[in-house]
Amino acid sequence: MRALRILLIVVVILGGLFVIADRVAVHFAENEAADKVRTTENLASTPDVSIKGFPFLTQVASGELDDVQIGIKDYEADTGASAGAKSAGVPKTIRIDDLKADMKGVSFSGDYSSATATSATGTATVAYDELLKAAKSEPTQIFPGIKAQVVDLSDGGNGKIKVNIKITTPAGARTYAVLSSVTVHGDSVQVHADDLPKLVVDLADARIRSITDFQQTIDRLPGGVKLDSVQAAKNGVEITVKGSNVRLAG
């Protein structure tokens, strides 16, 4: 009986030491992975990396991690704008906030210099002030003596964006609120007015839509994930992303 008790004590101690060693190892790996992602993606700050699953050491031995979660507070995505477009006031990048990605089946090279996920899904937010940069926010002539511009974007409720359009005529200026749908088309977020106020329609639908309707390319997201869906929300446009064979680092 005494021998069994001693054996149980030894097992408990060894088990505890294994858990401690496993947690120390995963913490070290998370820090190393975060630094690697920061360097690979040229991030301004170190991202959050969380390696899920227990035990970690047996996952390492198998050469594949079950689940890795990455959080990037601010990410500058490419807009596809050329150098000439930049000089004309079109930004080359757009800020993506609170990007959270969930990587499944992450395999890594023998020297741990690179890692690739079988699949990845994620969410992020594009603030309305960032999306506004893609719209014609400067007064643009649509008819002789009549100018229009987008002055504000906000949540219109029910997944819609409220686009405030300012129309300036010789008689004065007036702002119209237009509810718009937001969709994903390829690498772009597209904003399209559902309906236009009657006075605005009278000015000619096609010309005013050149102001109300616009799109923003969001390209070169971390690891090569792509836009999947988009919806207007309180603080901005919420996007979902997904990808396969997503490169985490290296």
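Here the structure is a predicted model, which is why all the values come from computation and not from measurement.
The backbone N or O of Thr125 sits nowhere less than 3.5 Å from a side-chain atom of Glu238 that would complete a donor-acceptor pair. Remark: the backbone N or O of Ile94 is not paired with any side-chain donor or acceptor of Gln216 at under 3.5 angstrom. Checking side-chain atoms of Glu130 against main-chain N and O of Ile96 turns up no donor-acceptor pair under 3.5 Å. Looking at Arg174, its side chain never comes within 3.5 Å of a backbone N or O of Lys166 through a donor-acceptor pair. A donor-acceptor distance shorter than 3.5 angstrom exists from the side chain of Asp155 to the backbone of Gly157, with no hydrogens or angles considered. No donor-acceptor distance shorter than 3.5 angstrom exists from the side chain of Arg95 to the backbone of Tyr75, with no hydrogens or angles considered. Of the possible polar contacts, none joining the Ser45 side chain to the Leu43 backbone as a donor-acceptor pair under 3.5 Å is found.
Side-chain contact of Gln69 with Ser50: a donor-acceptor pair under 3.5 Å is absent, judged by distance alone. Between the side chains of Thr123 and Thr240, not a single donor N or O lies within less than 3.5 Å of an accepting N or O. Looking at Thr217 and Thr79, their side chains never bring a donor and an acceptor atom within 3.5 Å of each other.
The CG atom of Asp219 sits 5.5 Å away from atom CG of Asp78, with the distance rounded to the nearest 0.5 Å. The structure places OG1 of Thr121 at 13.0 Å from NZ of Lys100, a figure rounded to the nearest 0.5 Å. Residue Lys162 holds its NZ atom at 11.5 Å from OG of Ser180, rounded to the nearest 0.5 Å. Of the inter-residue distances, the one linking Thr212 atom OG1 with Tyr176 atom OH reads 13.5 Å to the nearest 0.5 angstrom.
Pairing each heavy atom of Val191 with each of Ile161, the nearest pair is CG2-CD1, 4.1 Å. Across all their heavy atoms, Val182 and Ala232 have their closest contact at CG1-N, 3.8 Å. The minimum heavy-atom distance linking Asp74 with Asp97 is given by the pair OD1-OD1, 3.2 Å. Of all heavy-atom pairs spanning Val246 and Gly223, the tightest one is CG1-O, 3.4 Å.
Criterion: ILVMFWY side-chain heavy atoms under 4.5 Å apart, direct or through other members. Under it, Val150 and Phe143 are part of a common hydrophobic cluster.
For Asp35, the salt bridge (Lys or Arg N to Asp or Glu O under 4.0 Å) test picks out no residue, with sequence neighbours left out.
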Inset, instruction - Check step by step if side-chain hydrogen bond (donor to acceptor under 3.5 Å, both in side chains) holds for Asp194 and Ser181. - result: CA-CA 6 Å; Asp194 294 345; Ser181 296; 2.7 Å; yes

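Ion pair Lys104/Asp102 flagged as a salt bridge, since at least one NZ, NE, NH1 or NH2 atom sits closer than 4.0 Å to an Asp/Glu carboxylate oxygen. A salt bridge is absent between Asp67 and Lys52; no separation between the charged side-chain nitrogens and carboxylate oxygens falls under 4.0 Å.
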